[in-house]
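Everything below concerns the one structure shown next.
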Amino acid sequence: MEKILNLIGGQHVLPASGRFLDNVDPSTGEVYSLIPDSDQRDVADAVTAARAAFPVWSGMAAEKRAAVLNKMADLIDRDWKVLAAAESRDNGKTLKLASTLDIPRASANIRFFASGIQHFASEAHLTGSEAVNYTIRAPWGVAGCISPWNLPLYLFTWKIAPALAAGCTVVAKPSELTPMTAYLFSHYAEEAGMPAGALNIVHGSGSSAGQAIVEHPDVAGISFTGGTVTGRKIAATAAPMFKKLSLELGGKNPNIVFADCDFEKTVQQSVRAAFTNQGEICLCGSRIFVEAALYEKFVAAFVQETSRLRVGNPADDSTDLGPLVTAAHRQKVEGYIALALEEGGTIAFGGRRPQVDGLPNGFFLEPTVITGLSHHCRTNQEEIFGPVVTIMPFQTEAEALEYANSTTYGLAATVFTENLSRAHRMAAQIRSGIIWINCWLYRDLRTPFGGMKQSGVGREGGWEALRFFTEAKNVCIKLP
Ligand code: NAD
């Protein structure tokens, strides 16, 4: 069985404990590879390597670092088929999605920041005729980059690319549920000519390897994407050490549909927003609020469109939803379906485990549509992170806004309306970091990305990410 290894100081190495965790294929429920069960000893080695590499890597001209990063992106593009198949097998996402979204985006992330660092600039200020001030933005040292399982290589590269481009050296930990593409990627560091130790990848559980990265005194900052509960723990660990923190956390995103929307497109985009990647995207529109006049028609069309989605083998071209990532996660999602019924909801579609030919033990679940709930019940307040969506009517714009803003989350929101003034009003008043009008997951990597309230702290993307991985220093020169 294939054993994944850590990348530390340019070498692929076994974990200090000698122990491995099981890596399960969610389509079959079977263990298919082994993951290093790393602990603080592996993290200490990785941090030592990253510290040693820091003067070399940060001392290289930005163009040189960019050339290495671009070479890594070339290698992703060269191997995209292998990487897409690995991502699909590891996570359960469809091969179609891995091939068109995850893997192309991974190389795009790297190219974007390789280019960005060559255009990154800082300010200078003349203070009358007395002095000149300028700002140095220098990488701060060793960055800890911790990523989740839902978009494995996509989010892994979204963190390490700006960190490395800025000149930080990295100790990264991918999710223990989906480590395979980060492992395949780890071989590119040497092939692309990256100095040993600039990128270190330590695999293992969050409570052991992840916690050790956050606790390590020589890791100056943490870029984390994952659940809000984990984010809170990381913030509590890091705060007394005053580490720099970027936290991209959970969401419970509203999708608001006004009666004046372009109906066909709205239904199609709303289904996409609900069920892409089995609903396992932090940005999924999981609470749909529909203006009362359109409610019945919308629910009927949404259910019909959902019924066309095919749950099946993620490797098949015709599959729209693969299995959920783990048995435990499916159980959690099913728990929310049961809760929705207890809270008075009605299942308008789905809710069961489908039979998938040849894959009787996969963690499959039907896309599920629930109606009849209030906006403040637990089902509508807590993140489910699976193929479950609720639909509720609203009467007025003010009511839609109240419902949209009623959770502790504030990551993304979608508004469907052909009324431009209303679109601007809603965009200004919804409390979330991203507002999509008449679209969903339409991304420009230059835009700030992140959440308000308990959806996170800080922003990624564009200059925001390069600013995060650098520290500003003011130099003031008194003129004679
Ligand atoms: P998670 O919080 O369980 O794990 C994320 C990562 O943190 C994993 O690598 C895990 O091993 C590690 N980890 C766990 N405990 C840790 C600790 N104490 N110290 C350090 N690291 C630790 O999240 P998940 O289940 O992998 O991902 C799903 C969650 O991620 C959802 O809540 C989703 O909304 C969120 N998410 C947010 C964004 C965003 O950009 N805001 C994007 C994707 C996913």
Side-chain angles (χ1 to χ4, degrees), residues 21 23 35-40 43 90-91 93 101-102 105 109 144-160 171-179 182 201-216 219 222-238 243 245-253 276-286 324-326 328-330 332-333 336 382-386 407-412 432-434 441 443 447-461 464-465:
L21 305 167
N23 191 18
I35 312 157
D37 186 5
S38 309
D39 58 28
Q40 74 278 6
V43 168
D90 221 16
N91 168 276
K93 65 178 65 224
L101 178 74
D102 294 77
R105 176 59 192 276
N109 285 340
C145 296
I146 301 175
S147 50
W149 51 261
N150 64 325
L151 298 163
L153 194 62
Y154 172 135
L155 289 175
F156 182 81
T157 51
W158 182 237
K159 297 190 172 303
I160 64 153
V171 176
K173 194 194 86 63
S175 169
E176 62 275 33
L177 304 179
T178 54
I201 305 179
V202 179
H203 293 272
S205 72
S207 55
S208 176
Q211 184 71 20
I213 293 173
V214 181
E215 284 175 358
H216 200 295
V219 174
I222 301 288
S223 173
F224 169 77
T225 298
T228 295
V229 172
T230 315
R232 187 172 290 125
K233 177 133 205 273
I234 288 176
T237 308
K243 293 192 180 202
L245 272 188
S246 166
L247 302 175
E248 297 291 340
L249 311 176
K252 187 75 179 174
N253 311 303
T276 297
N277 205 46
Q278 300 76 240
E280 295 169 331
I281 299 185
C282 53
L283 306 164
C284 277
S286 55
L324 303 201
V325 68
T326 59
H329 186 57
R330 178 172 65 174
K332 177 192 144 186
V333 175
Y336 274 105
E382 297 174 16
E383 185 183 45
I384 300 174
F385 213 59
T407 74
T408 53
Y409 294 106
L411 187 55
S432 70
I434 304 156
L441 199 53
R443 293 276 294 122
T447 58
F449 179 92
M452 296 184 180
K453 300 194 271 183
Q454 294 188 19
S455 287
V457 175
R459 292 292 180 272
E460 296 185 311
E464 303 280 348

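Quick note: numbers below take in every heavy atom, side chains included, and nothing from hydrogens, waters or symmetry partners. Indexing begins at 1, ligand by ligand and atom by atom, following the structure's order.
- One option in Gly456, Gly210, Ala236 has a heavy atom closer to atom 20 (C) of ligand 1 than any other, and that option is Gly210.
- If you number the atoms of ligand 1 from 1 as listed, the ones under 4.0 Å from a heavy atom of Trp149 come out as 24 (P), 25 (O), 26 (O), 27 (O).
- Neither the backbone nor the side chain of Thr237 has a heavy atom within less than 4.0 Å of ligand 1.
- At a heavy-atom distance under 4.0 Å, only side-chain atoms of Glu383, from C-beta outward, approach ligand 1.
- Across Gly206, Cys282, Pro174, heavy-atom proximity to atom 17 (C) of ligand 1 is greatest for Gly206.
- Electrostatic pairing of Lys159 and Glu460 counts as a salt bridge here, judged by a charged N lying under 4.0 Å from a carboxylate O.
- No donor-acceptor distance shorter than 3.5 angstrom exists from the side chain of Ser175 to the backbone of Pro148, with no hydrogens or angles considered.
- Atoms of ligand 1 lying under 4.0 Å from any heavy atom of Gln211, numbered from 1 in the order shown and given with element: 17 (C), 18 (N), 19 (N), 20 (C).
- Ligand 1 places these atoms under 4.0 Å from at least one heavy atom of Leu155: 42 (C), 43 (C).
- Judged as a side chain to side chain contact (heavy atoms under 4.5 Å, CB included), and not counting sequence neighbours, the contacts of Ala209 are Ser38, Lys173, Val202.
- Counting atoms of ligand 1 from 1 in the listed order, those under 4.0 Å from a heavy atom of Phe449 are 40 (O).
- Only the side chain of Ile234 comes within contact range of ligand 1, with a heavy atom under 4.0 Å; no backbone atom does.
- Qualifying ring pair (Phe, Tyr, Trp, His ring centres under 6.0 Å) partners for Phe385, counting only residues two or more places apart in sequence or in other chains: Trp149.
- Distance remark: protein heavy atom present below 4.0 angstrom from atom 23 (O) of ligand 1.
- For atom 1 (P) of ligand 1, the choice among Thr225, Thr230, Thr326, Thr228 with the nearest heavy atom turns out to be Thr230.
- Of all the heavy atoms of Asn150, the ones lying under 4.0 Å from any atom of ligand 1 belong exclusively to the side chain.
- In this structure, atom 37 (C) of ligand 1 lies nearest to the protein heavy atom Leu249 O, 3.0 Å.
- With ligand atoms numbered from 1 in the order given, ligand 1 contributes 1 (P), 2 (O), 23 (O), 29 (C), 30 (O), 32 (O) to contacts under 4.0 Å with heavy atoms of Gly227.
- Contacts of Ala209 with ligand 1, taken as heavy-atom pairs under 4.0 Å, are absent altogether.
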